Amino acid sequence: MTPKLTDSRRQALRSASHWYALLSDGRPSPQQEARWQQWYEQDHDHRWAWQQVENLRQQMGHLPGALASRALNDGRAARRQVLKGLMLLAIAGGSWRLWDSELAEGLRADYRTAKGMTLRQPLADGSILTLNTDSAADVYFDARQRLVRLRYGEIAIRTARDESQRPFRVQTRDGSLTALGTEFTVRQFADETRLAVQQHAVEVRLAHGQIQRVEAGESLRFSAGAFSPIRTLSAGEDSWTQGVLSFRDRPLREVIATLSRYRPGILRCDPRVADLRLSGAFPLSDTGQILQIITQTLPVKLQFATRYWVTVVPA
């Protein structure tokens, strides 16, 4: 029996699909090519995932020979075929169903980001949709409503005034959120959704009809069947939308858990230093620099098993 697809390879396939879509949609910039090359060289699973892209390209006959980053100039039809092939890619003997996975959700999504990347996307009505790291969402606008479906990850919404007065809604696995002229963030977890409202208010409706209104400065976690108590919004929780991670007197274990969402590989916090407190604002563009700042601020050091397996331990 062959092994199931690992979480690492699932993530690598998702990232590979993102890079393929990005690099094949027009002429990539030198900066994009350099970032792709860095991603490719970071991990064996990244190279494995990109090989799946190459295999599909060769099988479909769009390019003879190996696929190189500078040759990613497919037309839209070819691009769609490769992405569809990734969706249908089977892992021989494995029990993981690609079509039902987050990878397939990301491939089918209108907008998506790989780990460590964010995306600011203006919408047709003037609203702004921002995707956090490792996220995917769809946008549906019609005569009756403006709808964003969060497939996985986290998004920030800044709504614009609509001349047709269509409601602006966000749909997650756990419920429907209606914006009441507002700015807010929504994060999808495995078994619940978290809403944080920065301006005005949001109305949350569960499948069975229960409704909860969340005001500016408040956050709410909810599952498909119940609401948790409303809490006061912590400062800096939406700072990622500005390319910054901001913490105010947070335990180091929470800081490292947040940072690990943006950094490839494995990042852990030793329990002996997990309760140390940290405050500060750090640019998201360089997670390595953030780790170095932490070692200069707290009595900790970095322990490397490999370049991409790092543990924060006592100094």
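Because the structure is a prediction, the values reported are computed rather than measured.
Both L298 and V310 are part of a single hydrophobic cluster, where members link through side-chain heavy atoms under 4.5 Å apart.
Remark: H208 NE2 is packed, more than 12 non-hydrogen atoms of other residues, nucleotides or ligands lying under 6.0 Å away. Within 6.0 Å of the CZ atom in R248, the count of heavy atoms belonging to other residues, nucleotides or ligands does not exceed 12. Annotation for R231: atom CZ does not count as buried by contact number, only 12 or fewer foreign heavy atoms lying within 6.0 Å.
Between D134 and R261, no side-chain nitrogen of the basic residue sits less than 4.0 Å from a carboxylate oxygen of the acidic one, so the salt-bridge criterion is not met. Residues E192 and R194 are not paired through a salt bridge, judged by the lack of any N-O separation under 4.0 Å between the basic side chain and the carboxylate.
Rounded to the nearest 0.5 Å, atoms OG1 (T258) and CZ (F247) are 4.5 Å apart. Atom CD1 in I128 sits 5.0 Å away from atom CZ in R158 (nearest 0.5 Å). Here the straight-line distance linking atom CZ of R149 with atom OH of Y140 works out to 5.5 Å at 0.5 Å rounding.
Classification of the W39-H46 ring pair by plane angle, with boundaries at 30° and 60°, yields parallel.
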Test D110 against Q121 for side chain to side chain donor-acceptor pair (under 3.5 Å), laying out the working first.
-> CA-CA 11 Å; D110 293 336; Q121 180 62 48; over 6 Å; no
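The shortest side-chain heavy-atom distance between F168 and T178 does not fall under the 4.5 Å cut-off.
Figure legend: cation-pi geometry between R221 and F189, with NZ or CZ positioned under 6.0 Å from the six-membered ring centre and within 45° of its axis.
A distance below 6.0 Å separates the ring centres of W36 and W50.
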